[in-house]
Amino acid sequence: LLVTRVKLQTFLQLKELLGHREIEVELPEGATVQDALEQMAALMGERAVPALLRGEDRSPQPYLRIMVNGRDIAFLGGVATPLLDADVVLVLPPAGGG
Amino acid sequence: VLRGGYTGKVLRLDLTRKQATTEVLSLEMAKNYIGGAGFGIKYLYDEVPPGSDPLGPDNKLIFAVGPFTGSTIPCASRMSVVAKSPLTGAVGMASTGGFFPAELKFAGYDVLIVEGEAEKPTYIVINGDQVQFRDASGIWGTTTSDCQVMLKDDLKDQGYRIACIGPAGEHLSRMACIVNERRAAGRKGLGAVMGRKNLKAIAVRGHEPVGVADPEAYTAARTFMREQMRESHGLYPMFAKIGSPAAFEVCSGLGILSAKNWQSTGEFVPIEQLGVEAGKAQTVGRNACQGCPVGCSKLKLARNAPYAGILAEGPEFETLYALGTQCGVDNLDAVIAADRLCDELGLDTMSAGVTIGFAMELSERGALSGIDTDGLDFSFGNDQTMITMLTKMAYRDGVGDLFADGVRLAAERIGGDAHLYAMHVKGLELPAYDVRGAKAHALNYATAYTGADHNRGYAFQEIFGIPVPVAVDRFAIEGKGELCKWNQDIRVVTCDCAPMCGFILDLALAGTGAVNTAAILSGLTGLSLTPEEILQAGERVNNLARAFNALQGLSRADDTLPDRLMNEPIPSGASKGHHVPQEDLDVMLDEYYRARGWDLATGTPTRGKLEELGLESVAQDLGL
């Protein structure tokens, strides 16, 4: 079975829930950003899932920003954006300051 | 008639004649310029003639609060300090928080205008309508915290709030700031203007509460703002716990945390050493500005030799960059020590750190070989050299004198191709965000009226992904001219004029900033402005600032970026390969000038735009 290895990155509030700032995961070939988010939710545990996904359609919380290799998925294919080996998926929680 | 919010009084302090006079703040002034930076820039434009030497007797130093300051609106104890900047030659506007701004309002003033020059070191005491000019020879030479302690003791009243300069301001470093409590009007060298005037400190005390025009409307507006803050997903508990260093994590994730004089963005990312977790371990307390329920400011204690025992309020995000990654330093204790030292010396952490990183790159390139460096090793990562240089620059000691006035002047003094590595716009050293990976923010650095200044038009759309007024691709150049104008106008009016802490705009009021400001202004002062008129007031302030700069000779050619940002792509990380070539900058500038109604060739406001803003006389001044 072919797999795609991607890096999941997050920080601040979500890092505390995930327990890692960066973690490499294996996804089936042809996986999308949604699959990566599901994987991340599984790693975070059930109670923490609402911090990431909402409702029955399990779309990402609207105040999160998700990027693949530095580019916002809003300007790629949204959660359906396909992932390739070595892609970096960054989930940015609401933040400010600077 | 001004019915609330404003005191309606301007205090003019003539240091030459040791004379204080009170003037009336007009309703027109309040309506057109709102307060804070708006007032400061208006007085600067009207009273400091074009071509004046920033360190000469004609420059004025203006302290201006806004209608919200000292009221029960949260996060409004902000003050703008305005002068012609000795660092840039343009409008110098720096904002500070803490308690001094509210105290100035309680003392009965919206604006202080300091003019002339004292013959001897002087400090000014303002206790309501009692104003005294006093001999400062006993406190000249003190650090900023010693100065504040000594003055409060002398005045036998610990309730005084004090804004003062340290040794850097006394020695006219063009990177000197003005410190109140542990906060600073940090940038553009305004501390040198104060030093040149022989003014060590202003102590202020007041007892008058801020009036409210329409209590019912005011309470409703205030409740709306508090609800927005409560509902924010980022403000509580995250930002309240961590403060501005949250941006260190964000910028590292986006690959825009600048490092080693912008050579190593995305490569040198010491997140474990300087990031949020490291900061939490050193945090021993927190602090809040007057009237702030958030308390983002953290007290951090260095724990390890040789810095053990040094306490700083900070380092804030920008300092983690300037006195951290910019200098290749990944020792948090060293950054804490350097931060505290800058506060004591009255030196802007940002300009100072960028200048030292610049010296380190010059050393790496062999460009310091003919210069006596007092035996200092300027290798990146040498935190002891960094800390030694802060003191040397503040006192103009040895090699410190060469660098005491920031990168632009240092590059001129050193000559050769040093200017290629001088990271500034219009003379102001660059903030932390490597804007090669955030194009609207790049355009803001290029066009902000104070030079490379993140706070003049912060592109929170690109940095934090806030989709207001639209979601944007941070790497794209299209649409960034319009966006940059919006960012600059909303920020100046809501944060620098009303005023309000900039963090609250990003974290809680991004989509409701103008509505919120209009509603509070109406309830508090009785001034009835629509959200559109609020935004237009911001536009007016930005146009007047631009006109001031045009009269000093600045034009489109000065709306530029350092060579490295235009010609070298980011080497690594999530923004790898991006830069802002001249042709991209030109596309963005054209769009920006069109959005602003400014002349494409010169970048100067057109007569039509100035008339629309009620600035006909400015058009005349510009010869239009």
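Proteins get letters first, then strands, A, B, ... in listed order; numbering begins at 1 in each. What you see is a predicted model, and the numbers here were worked out from it, not measured in a lab.
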Practice prompt. Below 4.5 Å from any heavy atom of chain B, which atoms of Ala74(A) appear? Answer side chain, backbone, both or neither.
Written response: neither
Fill in: Heavy-atom donor-acceptor pair, Gln326(B) side chain to Val354(B) backbone, under 3.5 Å
yes
Discussion item. Is it the case that the side chains of Ser95(B) and Arg187(B) hold a donor-acceptor pair, with the cut-off being a distance below 3.5 Å and no angle test?
Written reply: no
Discussion item. If we define contacts as heavy-atom pairs under 4.5 Å, which of Tyr321(B), Phe460(B), Phe475(B), Phe317(B) has the most with chain A?
Written reply: Phe475(B)
Discussion item. Can you confirm whether or not the ring centre of Phe11(A) sits under 6.0 Å from the ring centre of Phe248(B)?
Written reply: no
Practice prompt. Pick one of side chain, backbone, both or neither for Glu249(B), based on which atoms fall under 4.5 Å of a heavy atom in chain A.
Written response: both
Practice prompt. With rounding to the nearest 0.5 Å, note down the distance linking CG in Asn455(B) to CG in Asp496(B).
Written response: 7.5 Å
Worksheet item: Considering only heavy atoms, which portion of Phe239(B) lies under 4.5 Å from any heavy atom of chain A: side chain, backbone, both, or neither?
Response: side chain
Worksheet item: Given the options Arg71(A), Met67(A), Gln9(A), Gln13(A), which has more heavy-atom pairs under 4.5 Å with chain B than any of the others?
Response: Arg71(A)
Practice prompt. Decide, yes or no, whether a salt bridge links Glu272(B) with Arg21(A) under the criterion of side-chain N to carboxylate O below 4.0 Å.
Written response: no
Worksheet item: Is Glu277(B) salt-bridged to Lys15(A), cutoff N-O under 4.0 Å?
Response: yes
Worksheet item: Contact part of Val276(B) toward chain A, heavy-atom cut-off under 4.5 Å: side chain, backbone, both or neither?
Response: side chain
Worksheet item: Who among Val250(B), Ile463(B), Leu235(B), Asp506(B) has the most heavy-atom pairs with chain A under 4.5 Å?
Response: Val250(B)
Fill in: Atom group of Ile271(B) that falls short of 4.5 Å from chain A, counting heavy atoms
side chain
Item to complete: Measure Gln61(A) against the heavy atoms of chain B and call it side chain, backbone, both or neither at under 4.5 Å.
Response: neither
Item to complete: Would you mind telling me which of Leu505(B), Asp473(B), Leu507(B) has the largest number of heavy-atom pairs within less than 4.5 Å of chain A?
Response: Asp473(B)
Worksheet item: Heavy-atom distance under 4.5 Å to chain A: side chain of His233(B), backbone, both or neither?
Response: both
Fill in: Tyr433(B) and Tyr458(B) aromatic centres sub-6.0 Å
yes
Discussion item. Checking side chain to side chain contact (heavy atoms under 4.5 Å, CB included) between Ile256(B) and each of Arg474(B), Arg436(B), His578(B), which is the one that passes?
Written reply: Arg474(B)
Practice prompt. With a 4.5 angstrom heavy-atom cut-off, could you sort out which part of Ala246(B) is near chain A: side chain, backbone, both or neither?
Written response: both
